[in-house]
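Worksheet: one structure, shown below.
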Amino acid sequence: VQLQASGGGLVQAGGSLRLSCTVSGTIVSITTMGWYRQAPGNERELVARISSGYTTFYADSVKGRFTISRDNAKNILYLQMNSLRPEDTAVYYCVKIGGTTYWGRGTQVTVSS
């Protein structure tokens, strides 16, 4: 299983970014997928996850601002991030959560104030 995240970058507070995770070796529509993040000095935290049945979970800190979704045809996982805040600055990781856990390389998101 390989997970390749992209779409990170530098954005001003209030801006938006969309992260993408290209997945190979598994099918995103039949397992639970998610996004974690890790800020400097902090532990990794679950940001959002989506089950095969489209049940979603969001961390309280991102509810109403972030949306997790997937494109079954392209086998891609997304994280739409709106109204970004400096505290959202972190390395974001795409993760296959269901069954055996796999982590992709992270993508850096930096939000300037």
Side-chain angles (χ1 to χ4, degrees):
V1 176
Q2 292 188 333
L3 310 168
Q4 182 61 55
S6 61
L10 174 64
V11 64
Q12 289 188 332
S16 298
L17 283 174
R18 188 177 78 160
L19 304 183
S20 300
C21 177
T22 301
V23 180
S24 60
T26 190
I27 300 173
V28 298
S29 62
I30 64 171
T31 189
T32 297
M33 301 290 298
W35 292 93
Y36 279 73
R37 68 185 180 187
Q38 185 170 25
N42 290 356
E43 295 184 353
R44 287 182 181 182
E45 63 169 343
L46 176 64
V47 175
R49 66 171 181 252
I50 182 168
S51 73
S52 58
Y54 291 98
T55 298
T56 57
F57 165 86
Y58 295 94
D60 287 343
S61 58
V62 307
K63 279 181 182 176
R65 301 188 298 122
F66 290 11
T67 303
I68 189 170
S69 63
R70 66 183 190 233
D71 185 323
N72 295 340
K74 296 180 179 178
N75 214 40
I76 296 176
L77 181 72
Y78 298 104
L79 184 69
Q80 178 67 43
M81 305 186 295
N82 298 329
S83 301
L84 283 161
R85 305 167 180 170
E87 54 262 41
D88 294 319
T89 295
V91 177
Y92 284 71
Y93 298 89
C94 173
V95 184
K96 176 185 173 294
I97 299 173
T100 303
T101 300
Y102 289 90
W103 291 77
R105 289 186 179 181
T107 184
Q108 176 71 46
V109 172
T110 302
V111 184
S112 63
S113 57

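Remember, it's a predicted structure, so these values are computed and weren't measured experimentally. Both backbone and side-chain heavy atoms feed into the values below; hydrogens, waters and symmetry mates do not.
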Sequence neighbours excluded and cut-off under 3.5 Å, please list the side-chain donor-acceptor pairs for residues 38-53, or say none.
| residue | atom | partner | partner atom | Å |
| --- | --- | --- | --- | --- |
| Q38 | OE1 | R44 | NE | 3.2 |
| Q38 | NE2 | N42 | O | 3.0 |
| E45 | OE2 | R37 | NE | 2.6 |
| E45 | OE2 | R37 | NH2 | 3.1 |
| S51 | OG | G53 | N | 3.2 |
| S51 | OG | Y54 | N | 3.4 |
| S51 | OG | T55 | N | 3.0 |

Side-chain atoms of residues 106-113: list all donor-acceptor pairs with protein atoms under 3.5 Å, sequence neighbours left out, distances to 0.1 Å.
| residue | atom | partner | partner atom | Å |
| --- | --- | --- | --- | --- |
| T107 | OG1 | G8 | N | 3.2 |
| Q108 | NE2 | A90 | O | 3.4 |
| Q108 | NE2 | T110 | OG1 | 3.3 |

Could you list the donor-acceptor pairs under 3.5 angstrom formed between side-chain atoms of residues 18-29 and any protein atom two or more places apart in sequence or on another chain?
none

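Taking a 4.5 Å side-chain heavy-atom cut-off between Ile, Leu, Val, Met, Phe, Trp and Tyr, the cluster of Y78 extends to I76.
F57 is not listed as a side-chain neighbour of T32, based on a closest heavy-atom distance of 4.5 Å or more. With contacts defined as side-chain heavy-atom distances shorter than 4.5 Å, the pair M33/L3 qualifies.
Applying the side-chain hydrogen bond (donor to acceptor under 3.5 Å, both in side chains) criterion to S16, with sequence neighbours excluded, gives N82. With sequence neighbours excluded, the residues that form a ring pair (Phe, Tyr, Trp, His ring centres under 6.0 Å) with Y36 are W103. The side-chain hydrogen bond (donor to acceptor under 3.5 Å, both in side chains) search around Q2 returns none, not counting sequence neighbours.
Among residue pairs with one or both ends in residues 34-79, none qualify as disulfide (SG to SG under 2.5 Å); sequence neighbours excluded. The stretch residues 55-64 participates, sequence neighbours left out, in these salt bridge (Lys or Arg N to Asp or Glu O under 4.0 Å) pairs: D60-K63. Residue pairs meeting the salt bridge (Lys or Arg N to Asp or Glu O under 4.0 Å) criterion with at least one member in residues 64-87, sequence neighbours excluded, are R65-D88. Applying the disulfide (SG to SG under 2.5 Å) test to pairs two or more places apart or on separate chains, none has a residue in residues 36-70.
Linking Ile, Leu, Val, Met, Phe, Trp and Tyr whenever their side-chain heavy atoms come within less than 4.5 Å puts L84 and L79 in one cluster. Connection of V91 to M81 is not established within any shared hydrophobic cluster, with ILVMFWY side chains joined at heavy-atom distances below 4.5 Å, either directly or through further cluster members.
Using a distance-only test at 3.5 Å, with no hydrogens or angles considered, a donor-acceptor pair links the side chain of Y58 to the main chain of I68.
Among the candidates I97, L77, V62, V95, the single residue satisfying the side-chain contact (heavy atoms from CB on, under 4.5 Å) test with W35 is L77.
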